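Here's the structure we're looking at; comments come further down.
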Number of protein chains: 2
Amino acid sequence: MERPAKAFDLVPLFAALADRTRLRLLNLMRDREVCVCYFVEILRQGQPKISRHLAYLRRAGIVSTRREGRWMHYRIEWPTDAKASAILDTTLTSLRADRQMQADLARLTEACCQPQRFVTLQGAPPPRPLEATGSNA
Amino acid sequence: MERPAKAFDLVPLFAALADRTRLRLLNLMRDREVCVCYFVEILRQGQPKISRHLAYLRRAGIVSTRREGRWMHYRIEWPTDAKASAILDTTLTSLRADRQMQADLARLTEACCQPQRFVTLQGAPPPRPLEATGSNA
DNA sequence: CGTTCGTATTCGTTAAAGCGAATATATGCG
DNA sequence: CGCATATATTCGCTTTAACGAATACGAACG
């Protein structure tokens, strides 16, 4: 059996996943890059709270960011470790069966198609689908 | 796509896994039922601490217990949810690459073969291999 | 530069986690 | 039953997480 010299530390990943709000955020990012204002609108939670949870995900290294003027986009950063990546993938797959997660995604889809129906999304850059390359979900 | 009515809550599982000591405990239980005194001896940590972490694993529902007189044995209880089970399985597989986890297992193997070399294991019931049925690791 | 907008961080608070030390509880034995 | 052994839980403390409210910071614009 192969025994690499360095093992990937799964604890920070698990700590990041051990919160429902953060799972909801990841669910929304499964195949899109999403702007913070969309997270706030879709999850219907305060901006500071969303930002804080995104910060935890950043700390765990499983999301990355792209600034576009005033807007900050987030997308999943798949761990380079295969096992960690598999765990994250399985997690997102599991979330498909969750009612609230489904509702969140439906709401996100609606917001993408008709942002005019959401006051806070006027003028905001809509979520951008991730390119097939490197996408796990 | 199938949409079951009830989703499995992964958060408690992740919370349980988000601690290194608990990962070390699960690593020792991957294919055996292990007595608390063996955990204490192998991990070389205080008994109250080991008990407390085992209590967290019990609370998460991923270990079950069997009392044998003064001795209490613990073994992994694989989640009935396939995704949760896969995550736990992947986790244990990942731990195989960890040096400390390897050392722990080696020490456990030694303790099983020569308990007389460990003061606290005299008279204690050795770990019992799990039967092939239902074993994931 | 002042103002506005979007977002990150701080503040004050509460709850939970984690620790070592101490103690309570359960089991066995003479 | 008293004592010994194994284990679970409590205690007191510190640290971390999570929250709502408030504030700081970054980008854009005239």
Side-chain angles (χ1 to χ4, degrees), chain A residues 11-25 28-29 33-60 63-75 111 115 118-127, chain B residues 11-25 28-29 33-60 63-75 111 115 118-127:
Chain A
V11 171
L13 173 64
F14 290 136
L17 298 178
D19 179 85
R20 188 161 182 85
T21 298
R22 294 200 285 277
L23 290 183
R24 291 177 74 187
L25 291 171
L28 294 182
M29 288 187 262
E33 182 187 59
V34 184
C35 172
V36 175
C37 60
Y38 269 76
F39 286 134
V40 172
E41 183 63 49
I42 303 303
L43 269 57
R44 286 181 272 211
Q45 298 197 355
Q47 176 274 320
K49 177 178 173 180
I50 296 294
S51 266
R52 189 161 42 237
H53 281 297
L54 289 170
Y56 278 121
L57 294 176
R58 289 201 308 274
R59 193 177 72 181
V63 293
S64 55
T65 59
R66 175 177 69 87
R67 182 170 276 283
E68 180 184 350
R70 295 172 179 162
W71 286 278
M72 185 68 94
H73 301 270
Y74 280 76
R75 64 183 176 278
F118 299 81
V119 178
T120 60
L121 301 183
Q122 303 306 305
Chain B
V11 170
L13 173 64
F14 289 136
L17 298 177
D19 180 83
R20 188 161 182 88
T21 298
R22 294 201 283 278
L23 290 182
R24 290 177 74 187
L25 291 172
L28 294 183
M29 288 187 261
E33 182 187 61
V34 184
C35 173
V36 175
C37 60
Y38 269 76
F39 286 134
V40 172
E41 182 63 49
I42 304 303
L43 270 56
R44 286 181 272 208
Q45 298 199 355
Q47 176 273 321
K49 178 178 174 181
I50 297 294
S51 265
R52 190 162 41 239
H53 282 297
L54 288 170
Y56 280 119
L57 294 176
R58 288 201 309 273
R59 194 177 71 180
V63 293
S64 55
T65 60
R66 176 177 69 87
R67 182 171 276 284
E68 179 184 352
R70 295 171 180 164
W71 286 278
M72 185 68 96
H73 302 270
Y74 281 75
R75 64 183 176 278
F118 299 81
V119 179
T120 60
L121 302 184
Q122 302 306 304

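These numbers were taken from a predicted model, which means no experiment stands behind them. Lettering of chains follows the sequences in order, A, B, ..., and the numbering in each one begins at 1.
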Within the 4.0 Å heavy-atom criterion, would you say A:R20 contacts the bases, only the backbone, or no part of the nucleic acid?
nothing

At 4.0 Å (heavy atoms only), tell me whether B:Y74 reaches a base, stays on the sugar-phosphate, or touches nothing.
sugar-phosphate

What is the distance, rounded to the nearest whole Å, between atom [atom1] of [X] and atom [atom2] of [N]?
X     : N      : atom1 : atom2 : result
B:M72 : C:dG28 : CE    : P     : 12 Å
A:E41 : C:dG6  : CD    : C1'   : 14 Å
B:Q45 : C:dC19 : CD    : P     : 7 Å
B:L57 : C:dA17 : CG    : P     : 13 Å
A:R66 : C:dG6  : CZ    : P     : 17 Å
A:L25 : D:dA18 : CG    : P     : 12 Å

Side-chain (A:R22) to main-chain (A:A15) donor-acceptor, under 3.5 angstrom:
yes

Between A:Y56 and B:S51, name the one whose nearest nucleotide on DNA chain D is closer to the 5' end.
B:S51

For the side chain of A:D19, counting heavy atoms from C-beta on, which of D:dA18, C:dT7, D:dT7 is nearest?
D:dA18

Among D:dC19, C:dT7, D:dT7, which nucleotide sits nearest the side chain of A:T21?
D:dC19

Output yes when at least one side-chain N/O atom of B:R58 is less than 4.0 Å from OP1 or OP2 of D:dT7, else no.
no

Side-chain N,O (B:H53) to OP1/OP2 (C:dA17) below 4.0 Å:
no

Decide yes or no for A:S51 and A:F39: does some side-chain heavy atom of the first lie under 4.5 Å from some side-chain heavy atom of the second?
no

Verdict with reasoning, B:L25 to B:L43, per side chain to side chain contact (heavy atoms under 4.5 Å, CB included):
CA-CA 8 Å; B:L25 291 172; B:L43 270 56; 3.8 Å; yes

Does the pair B:L17 and B:L23 meet the rule for a side chain to side chain contact (heavy atoms under 4.5 Å, CB included), with working shown?
CA-CA 6 Å; B:L17 298 177; B:L23 290 182; 4.0 Å; yes

Below 3.5 Å between N/O atoms, which protein atoms pair up with nucleotides 26-28 of chain D? Just atom names and distances, please.
none

Quick one: pull up [atom1] in [X] and [atom2] in [Y] and give me the separation to the nearest 0.5 Å.
X     : Y     : atom1 : atom2 : value
B:D19 : A:F14 : CG    : CZ    : 11.5 Å
A:R24 : A:H53 : CZ    : NE2   : 10.5 Å
B:C35 : B:E68 : SG    : CD    : 8.0 Å
A:C37 : A:M72 : SG    : CE    : 12.0 Å

Please produce a list of atom pairs where a protein N or O lies less than 3.5 Å from an N or O of nucleotides 20-25 of chain C.
from   : atom 1 : to    : atom 2 : distance (Å)
C:dG20 : O6     : B:R52 : NH1    : 3.2

Can you pull the salt bridge (Lys or Arg N to Asp or Glu O under 4.0 Å) pairs that have at least one residue in residues 33-54 of chain A, sequence neighbours excluded?
A:E33-A:R66, A:E33-A:R75, A:E41-A:R107

